[in-house]
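In this text the structure is predicted, and so the values were computed from the model without any measurement. Chain letters run A, B, ... following the sequence lines, proteins first, then strands; residues in each count from 1.
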There are 2 protein chains.
Amino acid sequence: MSRPDTPVYLQLRDRLRAWIEAENLSSQHRLPSERELAQRFNTTRVTVRQALAQLEADGRIFRSNRRGWYVTPERLRYDPSRDVGFNQYVTDQGYTPRTETLSKQLIEAPAWLSAVSGLEQGAPVYQILRRRYVDTRAVLVEHNYINPAHCSGLLSENTDASIWALFRDRFGLHPQHRQLEIYSLALKQPEADALGVSHGAAGLYIQRLSHDQQGTFLELDREYWLHDALKIVVNVGEPMAP
Amino acid sequence: MSRPDTPVYLQLRDRLRAWIEAENLSSQHRLPSERELAQRFNTTRVTVRQALAQLEADGRIFRSNRRGWYVTPERLRYDPSRDVGFNQYVTDQGYTPRTETLSKQLIEAPAWLSAVSGLEQGAPVYQILRRRYVDTRAVLVEHNYINPAHCSGLLSENTDASIWALFRDRFGLHPQHRQLEIYSLALKQPEADALGVSHGAAGLYIQRLSHDQQGTFLELDREYWLHDALKIVVNVGEPMAP
DNA sequence: AAGTGGTCTAGACCACGTG
DNA sequence: ACGTGGTCTAGACCACTTT
């Protein structure tokens, strides 16, 4: 089927992929150790790790630091343009969400935030840092920067649930305009550590900038996701006629 | 500054990154060869390649098959929700676009297309396969599936420019609803080969499903991008008040 | 023909997670 | 204490690109 000169690591990748698809079912299943795979396929760990890196890049397996390689769960479908919270997405798709608020404080708007938000530099801004889980796997860290003008006292609320729900129900705020930025990157020190992956692991960055109907800055949200944890689904334009 | 036990490949990554940022500006600049870097930093090619892979994952350098490593150009900003063609995006941002139509034909809708589009299985569909460049670098391959009901004769037109412009100007078609799907993946055989990268290179997948105001399927677009070539920017909701 | 990245071997020691 | 992945060495040959 495949040419005889196919590199060993690609053959191994394909055999592992087939094995995962055939044998296996449940996510979070652990693969044999690298040494065992090397022995079983009569090659070295370097080559085994090339094959594993391919499957990792494709989002089929992920590594848990010095514990082993595991089969990746299904991607979470996620629409960053909608006013629906993370917890509800996860629950609707049959998983168990969890959110940890890592820190929340009032800061002075740094220059970069001023540039994108229109706030004056040094103006007070709520900063909230959260880590979110699907089942037991940490899949994203999130930095929220919020204009306190319209939601004074927000930091006293419970921020482990949806901030948008707080906006809506507690403060009567309704973002009218949003700009999304999405691109892939390598996760750096703080985010990688918070997600329990190594520096340079593949990630997906989502930034959401929200204003109200008067054009006043409401919130900037910067999310760092594991690259294999989500599939973005966005609906734009008029809804279809019934 | 950094702890003395920082791995060699991370030190090397940081030194290379600093060197790229300081010394160098122009994209497409070639790095020293792996062997030369190994010698200069008194280490081995394996370690050098770990450092290079980190910079590649971060989108700062890319490899050209057996020619060397090069500094990545700036990301193209791209809004897949707007009726603006690729060529115009590229031109507006100061680059030179190029599009090659690799194939175009009339096919029968396969089962998977029927499932997402609502077309009957086996119904006639135009299929267009294109490769697109920013300057001299191939950055994406694109599969278009188009409902011929409203644009008969499309395959006789020049498809190296914008298909949406053809929809609008030649056929009077205006997509009213679109669903976008975006996620990262590893590029597989046909797409990787078409882009001149190796199997398993990191990519970004964008799918765009368009209907007209009656809910009739117009077009399905599946784009496979090099992961470092673009930054998605989407505006949703009401535009800001002036 | 020379140089490059692509692939691969056969080891080694270390840091960390788990029993 | 043991097994795991994380890091690293010092080579080798090959396929391909460029000169």
Side-chain angles (χ1 to χ4, degrees), chain A residues 2-14 16 28-57 61-71 136-138 186-187 189 192-193 195-202, chain B residues 2-14 16 28-57 61-71 136-137 186-187 189 192-193 195-201:
Chain A
S2 55
R3 294 170 313 197
D5 59 341
T6 301
V8 174
Y9 78 94
L10 290 180
Q11 297 176 34
L12 178 50
R13 175 198 64 179
D14 294 338
L16 285 172
Q28 309 273 26
H29 189 284
R30 190 173 165 280
L31 268 60
S33 77
E34 295 177 358
R35 287 171 177 81
E36 186 176 338
L37 289 171
Q39 189 170 16
R40 192 184 299 182
F41 291 97
N42 197 31
T43 181
T44 63
R45 268 184 76 206
V46 174
T47 302
V48 167
R49 283 169 68 82
Q50 273 185 283
L52 293 173
Q54 290 263 321
L55 293 169
E56 183 187 36
I61 63 176
F62 68 97
R63 59 182 93 192
S64 184
N65 192 8
R66 280 171 232 268
R67 294 199 311 128
W69 293 87
Y70 296 83
V71 176
T136 60
R137 188 180 183 214
L187 298 174
Q189 308 166 17
D193 290 350
L195 295 175
V197 298
S198 54
H199 296 196
Chain B
S2 57
R3 295 170 314 196
D5 60 340
T6 300
V8 174
Y9 77 95
L10 290 181
Q11 297 177 33
L12 178 50
R13 174 198 64 180
D14 294 338
L16 285 173
Q28 309 275 22
H29 189 284
R30 188 171 166 280
L31 269 60
S33 76
E34 295 178 358
R35 286 172 178 81
E36 187 176 338
L37 289 171
Q39 189 171 14
R40 190 182 303 179
F41 291 96
N42 198 32
T43 182
T44 62
R45 268 184 74 207
V46 174
T47 302
V48 168
R49 284 170 67 82
Q50 272 185 283
L52 294 173
Q54 290 262 320
L55 293 169
E56 182 187 36
I61 62 176
F62 68 96
R63 57 182 96 194
S64 184
N65 192 11
R66 279 169 233 270
R67 294 200 310 129
W69 294 88
Y70 296 83
V71 177
T136 60
R137 188 181 183 215
L187 298 174
Q189 307 166 18
D193 290 350
L195 294 175
V197 298
S198 55
H199 295 196

Pairwise side-chain contact, [X] with [Y], heavy-atom cut-off 4.5 Å (strictly under):
X: B/H29; Y: B/Y70; result: no
X: A/R137; Y: A/F62; result: yes
X: A/V197; Y: A/N65; result: no
X: A/W69; Y: A/R30; result: no
X: A/L52; Y: A/L12; result: no
X: B/H199; Y: A/L10; result: yes

Atom [atom1] of [X] and atom [atom2] of [N]: how far apart are they, to the nearest Å?
X: A/Q39; N: C/dT9; atom1: CD; atom2: C1'; value: 16 Å
X: B/F41; N: D/dA10; atom1: CZ; atom2: P; value: 17 Å
X: A/F62; N: D/dT4; atom1: CZ; atom2: P; value: 17 Å
X: A/L37; N: D/dG5; atom1: CG; atom2: C1'; value: 12 Å
X: A/L52; N: D/dT7; atom1: CG; atom2: C1'; value: 16 Å
X: B/D193; N: C/dG6; atom1: CG; atom2: P; value: 14 Å
X: A/E34; N: C/dG11; atom1: CD; atom2: P; value: 17 Å
X: A/I61; N: D/dG5; atom1: CD1; atom2: P; value: 10 Å

Name the residue closer to the 5' end of DNA chain D, choosing between B/N65 and A/P32 according to the nucleotide with the nearest heavy atom.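 Looking at DNA chain D, the more 5' nearest nucleotide goes with A/P32.
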Pick the closest DNA chain D nucleotide for A/R66 and for A/V46 by heavy atoms, then say which residue is nearer the 5' end.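 This one resolves to A/R66.
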Find which nucleotide of DNA chain C each of A/L10 and A/R45 is nearest to by heavy atoms, and output the residue with the more 5' nucleotide.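 The residue whose closest nucleotide sits nearer the 5' end is A/L10.
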[N] phosphate, OP1 or OP2: any side-chain N/O from [X] under 4.0 angstrom?
X: A/S33; N: D/dT4; value: yes
X: B/T44; N: D/dC8; value: no
X: B/R67; N: C/dG5; value: no
X: B/R49; N: C/dG6; value: yes
X: B/S198; N: C/dG6; value: no
X: B/T47; N: D/dT9; value: yes
X: A/Y9; N: C/dT7; value: yes

At less than 3.5 Å, do the side-chain atoms of A/R35 and the base atoms of D/dG5 form a donor-acceptor pair?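 A donor-acceptor contact between them is present.
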Regarding A/T43, tell me which of base, sugar-phosphate or nothing describes its non-hydrogen contacts under 4.0 Å with the strands shown.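 Sugar-phosphate contact only.
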Mind checking B/R63 for me? I need base, sugar-phosphate or nothing, with any heavy atom below 4.0 Å counting as a touch.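 Sugar-phosphate, no base atom in range.
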